[in-house]
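Each chain gets a letter, A, B and so on, in the order the sequences are listed, and its residues count up from 1. Only a predicted model underlies this, so the values are computations on that prediction, with no experimental measurement involved.
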Amino acid sequence: MNNVFVYCEVEGGKIAEVSQELLTKGRSLADELNCKLEAVAIGSGLDNIGQQVFPYGVDVLHTADDPRLEPFTTLPHTSIVVKLFEETKPQIALMGATSIGRDLGPRVSSALHSGLTADCTSLVIGGHEDKKAKKVYEDLLYQIRPAFGGNIIATIINPDCRPQMATVREGVMKKEIRDVAYEGELVKLDVANYVSDEDFVVEIIERHLEASKVNIKGAPVVIGGGYGVGSKETFDLLHELAEVLGGEVGASRAAVDAGWCDHERQIGQTGVTVRPKLYIACGISGQVQHRAGMEESAQIISINTDPDAPINAIADYVITGDVATVVPKMIKFYKQNTK
Amino acid sequence: MKGLKVIVLAKQVPDTRNVGKDAMKADGTVNRAVLPAIFNPEDLNALEQALRIKDQVPGTTVTILTMGPGRAAEIIREGLYRGADDGILLTDRAFAGSDTLATSYALAQTIKKIGEYDIIIAGRQAIDGDTAQVGPQVAQKLNIPQVTYAEEVTIEGEKVKIVRRLENGVETVVAKSPLAITVTSSAPECRSRNAKLLMKYKHARTVSELQNETQDYTHLYNDRPYLTIQEYTVNDIEVDNEQLGLSGSPTKVKKIENVVLQAKDAKKLSTSDEDISELMKELVESHVIG
Ligand SMILES: Cc1cc2nc3c(=O)[nH]c(=O)nc-3n(C[C@H](O)[C@H](O)[C@H](O)COP(=O)(O)OP(=O)(O)OC[C@H]3O[C@@H](n4cnc5c(N)ncnc54)[C@H](O)[C@@H]3O)c2cc1C
Ligand SMILES: Nc1ncnc2c1ncn2[C@@H]1O[C@H](COP(=O)(O)O)[C@@H](O)[C@H]1O
C-alpha cells in the first residue's frame, strides 16, 4: 500500500522509452521512501510485457489486456487507472508527458481530486511545514518544473491529496536496468470489472504514425543550430559538420520556426532532451526552454557573435564569432587533426 | 441539421513569450503588470474551430466562457469581433489562487448552469501555466468524453469527426456530442476581426465595466441587450466552497526561483585558425570526438 506507481505506455507489445525512464526514477523514489514500485500496462497482446518491465525493479505489475484497449483512448484507460488507484492507493503516480500521459493524467487527477503537475524536470523527496495550519509534512514529492514561459522554476507539492501525480517528458530521466532477473509479481486485471461499454464511445477510424527517422537522442555529438545561423544555406554547414563528426543536427525553436530545420529536431522543453558527449550551440542565445533540453551535455561549445549570450554561462568553450566563419574551420581542422 | 450550442473556454494570459528583463521582480516573482495581457494563443485556435462549426451548421451559436479578473472581458469582446455570439465572464475573489482542478470545477459548474450544450472547445494549453489540464478536467467533471489535440473538427450528421495531432503522427476519431475538444496550435489560425462586428460590439461591456464608465449609456444597453456581457460571480453558480480557489487546490507552490545562471569557467576562443585548430585537436585527443 502507498507505493510508487508508474503508468506504462505500450504499443504493439512494446513499452515506451519514457515509461522505462520513469520506472527507473520510480524505483529510486521507492527506495528512498522504503516502499514498493508498482506499474500498470494497458493494451493488447501484453504477454511479453513483464520481461520488459520487471528488470527496472518493479515489484508489482498490473496488466489489462484486451483488444479494445489499444490503441489508447481516454475513457477506458481512465476507468482502469482510477479504479486501480482507488484499490491500491499509491502515494505517487508518474506518467509520461506525452500525448497519452497529458490526455490521461488530468482526467485521472480530476476523478480522484488529486493534484497533478505537468512536465516536471526534476522529482525530489522532501519535507514541508505549513506554518499557517501548523502542520508538518514528511516525504512529500517535490515536483519541480519551469513555469511562466520558463522564466521561473517552481517547486510544486500536494500536501494533502493522494496520489501525488506528475508527468515527465521523454529523455528527462535516465533509464537504467536494476537487475535483469528482478522478480516481481504479475497481476492480470479482469478488464470487464474495470471498464464499461460507455467507455468506448470515441472510435478511432484512421491512424498515420511514423517512427521518427532522426535519432538525435542517441547521438554522441549534437550540433544545435539557432536563429543566429541566419539562413538555410548556413544550416547546411551544420549538417556537414555533423556528418564529419559522426553526430546529428538539432535546433532551437526559433530555427525550427524559421523553417531551417524539422520540428523533429527541436531541442528543449517542447522538443527532445539530449545528453551527448559534445553539444555545439551555433547561434543559440540559450533561453531556459532550450537549455532544459541540452544542459546536461558532457561538454558544450558555444559559437555566438554576442560574448554575453546566456548560453555562454553553461559552455565549456566559448567562441565569440560568426557561425559561418567558425563551422567551416572546425570541419577543416578536424580533418587535419585526424589524418 | 439543427444548430449546435458550442462553448469556447478561453483565458486571458500574460504574454510569457516576450518576457523582458523588467518582467521579473527582485524577489523572483513575476511582475504581471508589465506583461501585456493577451488571448491565450491556442484558445484562438479553439475559437476558430467553433466558428467553423457555426459556418458549417446554420443556427449554431458560439459562447465564450472565461474565468478571470474584470479585465478579462477584453477577450470576450475580441471573440465577439471575430464571430462569437455571446460571452460569459466568471469573476470572483473566491476563485483567486485556483489551480487547474479548482479552475475546472468552477468552469464545469458554470457550464452546468448554462445548461444545454453540445460541444465544449478549449485550447490545448495556456501559456502562463503550460499545464494542458483544464480541458480534460472540465470534461471529466461534466462526465463527457474528451478528444485532445484537435486540428480539424467537422460535423458529420449525428457525429463529430476530429483529426488529432499526436507527437508521432495523426489520428482521426469520431464521437458523439456532448463532447469536449481541446485544440492545438497547429490547427488553423483564427480569422481576424470582422469590421461589421467590430462596430456592432464595440460598446459591449460587463455590468462592472459599465459602472466605471463616466457617461450614462443606460439607454443603449436597454435597446441592445447583446451589448451586455454576462458576468457571473460565485453566487450565480452552484458550488461547494471547499472546492474553490486556494482551498480547492491540491497543488501548492512551495517555492519559486528566478532562473539564474552560474557562469562556468569557460575557455574563451577567437575565430582564428590557431584557436579553432587547437580546439579540434584537444577534442580529438580527449576522445570527445573522433
Ligand atoms: C512555452 C515555451 C516553450 C519553448 N520551448 C522551446 C524549446 O523546446 N526549445 C527551444 O529552443 N526554444 C523554446 N522556446 C523558445 C525560447 O524561449 C527561445 O525563444 C528560443 O530558444 C530562442 O532561439 P535562439 O536562441 O535560436 O534565437 P535567439 O534568441 O534569437 O538567439 C540567436 C542568437 O544567435 C546569435 N547570433 C546572431 N547572429 C549570429 C552569427 N552570425 N553567428 C553566431 N551567432 C549569432 C545572437 O547573438 C543570439 O544569441 C520556448 C518558449 C516558450 C514560451
Ligand atoms: N480561467 C480560465 N477560463 C477559461 N478557460 C480556461 C481557463 N483556464 C484554462 N482554460 C482553458 O483550458 C485550456 C488549458 O489551460 P491550462 O490547463 O491552464 O493549460 C486553455 O487553453 C483554456 O481553453
Region of Glu282(B) that comes under 4.5 Å of a non-hydrogen atom in chain A: side chain

With respect to chain B, which residue among [options] yields the maximal number of heavy-atom pairs within a distance under 4.5 Å?
| options | value |
| --- | --- |
| Glu198(A), Lys332(A), Arg207(A), Gln143(A) | Arg207(A) |
| Met330(A), Gln164(A), His263(A) | Met330(A) |
| Ser302(A), Ser99(A), Ser109(A) | Ser99(A) |
| Val326(A), Thr74(A), Thr325(A) | Thr74(A) |

Residues that Asp160(A) engages under salt bridge (Lys or Arg N to Asp or Glu O under 4.0 Å), provided they are two or more places apart: Lys135(A)

[X] portion near chain B, given a 4.5 angstrom heavy-atom threshold:
| X | answer |
| --- | --- |
| Pro159(A) | both |
| His113(A) | both |
| Ile157(A) | both |
| Thr117(A) | both |
| Ile156(A) | both |
| Thr78(A) | neither |
| Val221(A) | side chain |

Leading residue by heavy atom contact count with chain A [cutoff under 4.5 Å; candidates Lys281(B), Lys141(B), Gln146(B)]: Gln146(B)

Non-hydrogen side-chain atoms of Pro276(A) and Leu278(A) separated by less than 4.5 Å: no

Side-chain ion pair, Asp128(B) and Lys11(B), N-O less than 4.0 Å: yes

Taking distance alone, no hydrogens or angles, what donor-acceptor pairs closer than 3.5 Å link side-chain atoms of residues 101-113 of chain B to residues at least two apart or in another chain?
unit_1: Thr103(B); atom_1: OG1; unit_2: Asp99(B); atom_2: O; d: 2.8
unit_1: Ser104(B); atom_1: OG; unit_2: Thr100(B); atom_2: O; d: 3.0
unit_1: Ser104(B); atom_1: OG; unit_2: Leu101(B); atom_2: O; d: 3.0
unit_1: Tyr105(B); atom_1: OH; unit_2: Asp240(B); atom_2: N; d: 2.9
unit_1: Gln109(B); atom_1: OE1; unit_2: Lys112(B); atom_2: NZ; d: 3.2
unit_1: Gln109(B); atom_1: NE2; unit_2: Glu238(B); atom_2: O; d: 2.7
unit_1: Thr110(B); atom_1: OG1; unit_2: Ala106(B); atom_2: O; d: 2.7
unit_1: Lys113(B); atom_1: NZ; unit_2: Asp236(B); atom_2: O; d: 3.1

